[in-house]
*Asks:* 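Sharing a structure with you now.
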Amino acid sequence: MNLSAMLAEHILYSQPDESAHQHAREGVRDFLAVSWPVLQGEVPDSGLPALRTIYRDGSVRSQALLLGYAGHALDYDDFHADFRGHPSVVILPALLAWQQYQPKRLNRFLDAYVTGVEMAGRLGLAVSQQHYAAGLSQHGNAGHPGSGGGTGAFAGAGE
């Protein structure tokens, strides 16, 4: 079995335990705590209104982008040492956007989030501290594949 097939298998058949679900709930709470005031216009922010004029089609992609912006605007949410960043602001916007169009059980949502964070964290470890020290963002390099893995797990890719 090649590396891609092994990764896909891990994504699809991962079964996080209750402890992981509890950490996931905390991550969701953190994300909502920083993004909600921005989304509701309760804190001064000129970026979101401008983005809403461009990304107004209501698609999953547009919703994920707007939620990602809102999660980054205050940027004091969760931190993952292996990832060297804030995985929730990359992974949760995609999952929340998909949730609007493909409602799933809460446990499946939490499983997908944990799977995405785990994938992003492992990729963060693989690219090393030097990558981060050079000023390269883990959000783009490890977060987006983690988001894809979490979204694949959520959507049930391969079902």
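Numbers here are sequence positions counted from 1. As a basis for the values below, the full set of heavy atoms in this structure was taken, side chains included, without hydrogen atoms, waters or symmetry mates.
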*Asks:* What is the distance from atom CZ of Arg122 to atom CG of Leu125, rounded to the nearest 0.5 Å?
*Replies:*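 So the gap between those two atoms works out to 8.5 Å.
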*Asks:* Just how far is it from atom OG of Ser62 to atom CG of Asp57, taken to the nearest 0.5 Å?
*Replies:*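 Rounded to the nearest 0.5 Å, the OG-CG separation comes to 3.5 Å.
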*Asks:* Does any part of the side chain of Leu39, heavy atoms only, come nearer than 4.5 Å to the side chain of Leu67, both counted from C-beta?
*Replies:*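 In contact.
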*Asks:* Is the backbone N or O of Ile11 less than 3.5 Å from a side-chain atom of Ser14, with the two atoms forming a donor-acceptor pair by type?
*Replies:*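 The answer is no, because no donor-acceptor pair under 3.5 Å joins these two groups.
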*Asks:* Following the transitive rule for hydrophobic clusters with a side-chain heavy-atom cut-off under 4.5 Å over Ile, Leu, Val, Met, Phe, Trp and Tyr, establish whether Leu12 and Met6 coincide in one cluster.
*Replies:*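 No, separate clusters.
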*Asks:* Look at the side-chain heavy atoms of Ile, Leu, Val, Met, Phe, Trp and Tyr, link any pair under 4.5 Å apart, and say whether Met1 and Leu3 land in one connected group.
*Replies:*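 They do share one cluster, since a chain of ILVMFWY contacts under 4.5 Å joins Met1 to Leu3.
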*Asks:* Within this structure, what is the CG-CD distance for the pair Leu106 and Gln99, rounded to the nearest 0.5 Å?
*Replies:*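 Spacing of CG (Leu106) from CD (Gln99) equals 8.5 Å.
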*Asks:* What heavy-atom pair brings Ala24 and Val114 nearest, and what distance separates the two atoms?
*Replies:*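 It is CB-CG2, 3.7 Å.
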*Asks:* Check whether any side-chain heavy atom of Gln22 lies under 4.5 Å from a side-chain heavy atom of Glu26, and answer yes or no.
*Replies:*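 Contact flag for Gln22/Glu26 side chains = yes.
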*Asks:* What are the two closest non-hydrogen atoms of Ala97 and Ala64, and how far apart are they?
*Replies:*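 Smallest heavy-atom distance, with atoms named: CB-N, 3.7 Å.
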*Asks:* CD1 of Ile91 to CG of Leu96: how many Å apart, nearest 0.5 Å?
*Replies:*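 Answer rounded to 0.5 Å: 11.5 Å.
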*Asks:* Hey, any chance Trp36 and Val90 share a hydrophobic cluster, counting ILVMFWY side chains that come within less than 4.5 Å of each other, even indirectly?
*Replies:*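 In one cluster with Trp36: Val90, no.
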*Asks:* Under 3.5 Å, side chain of Thr115 to main-chain N/O of Gly150, donor-acceptor pair present?
*Replies:*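 No: the side chain of Thr115 does not pair with the backbone of Gly150.
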*Asks:* Taking all atoms of both residues into account, what is the closest heavy-atom pair of Ala33 and Pro37, and its distance?
*Replies:*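 In terms of heavy atoms, the two residues are closest at O-CD, 3.2 Å.
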*Asks:* How about Ser35 and Tyr69: does a side-chain donor come under 3.5 Å of a side-chain acceptor?
*Replies:*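 Absent: no donor and acceptor within the cut-off.
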*Asks:* Contact between Asp111 and Phe154 at the side-chain level, heavy atoms closer than 4.5 Å - yes or no?
*Replies:*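 Counting from C-beta outward, Asp111 and Phe154 never come under 4.5 Å.
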*Asks:* Are Ser88 and Tyr113 side-chain neighbours, meaning at least one heavy-atom pair lies under 4.5 Å?
*Replies:*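 Contact flag for Ser88/Tyr113 side chains = yes.
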*Asks:* For Phe109 and Leu92, what are the C-alpha separation, side-chain angles and deciding distance, and is it a side chain to side chain contact (heavy atoms under 4.5 Å, CB included)?
*Replies:* CA-CA 10 Å; Phe109 182 90; Leu92 283 175; 3.9 Å; yes
*Asks:* Answer yes or no: is there a donor N or O on one side and an acceptor on the other, between the side chain of Arg108 and the main chain of Arg105, under 3.5 Å?
*Replies:*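 Answer holds: no.
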*Asks:* Nearest 0.5 angstrom please: Leu66 CG to Tyr55 OH, how far?
*Replies:*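 It comes to 8.5 Å.
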*Asks:* Heavy-atom count around Arg25 CZ within 6.0 Å, excluding the residue itself: above 12?
*Replies:*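 It does: Arg25 CZ has more than 12 such atoms within range.
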*Asks:* Can you tell me how far the NE2 atom of His23 sits from the CG atom of Asp30, to the nearest 0.5 Å?
*Replies:*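 Interatomic distance, His23 NE2 to Asp30 CG, rounded to 0.5 Å: 12.0 Å.
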*Asks:* Side chains of Met119 and Leu123, heavy atoms from C-beta outward: is any pair under 4.5 Å?
*Replies:*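 Touching, per the 4.5 Å side-chain cut-off.
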*Asks:* Take atom CD in Gln40; do more than 12 heavy atoms of anything else shown fall under 6.0 Å from it?
*Replies:*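 Counting neighbours around CD of Gln40, more than 12 heavy atoms of other residues, nucleotides or ligands fall under 6.0 Å, so yes.
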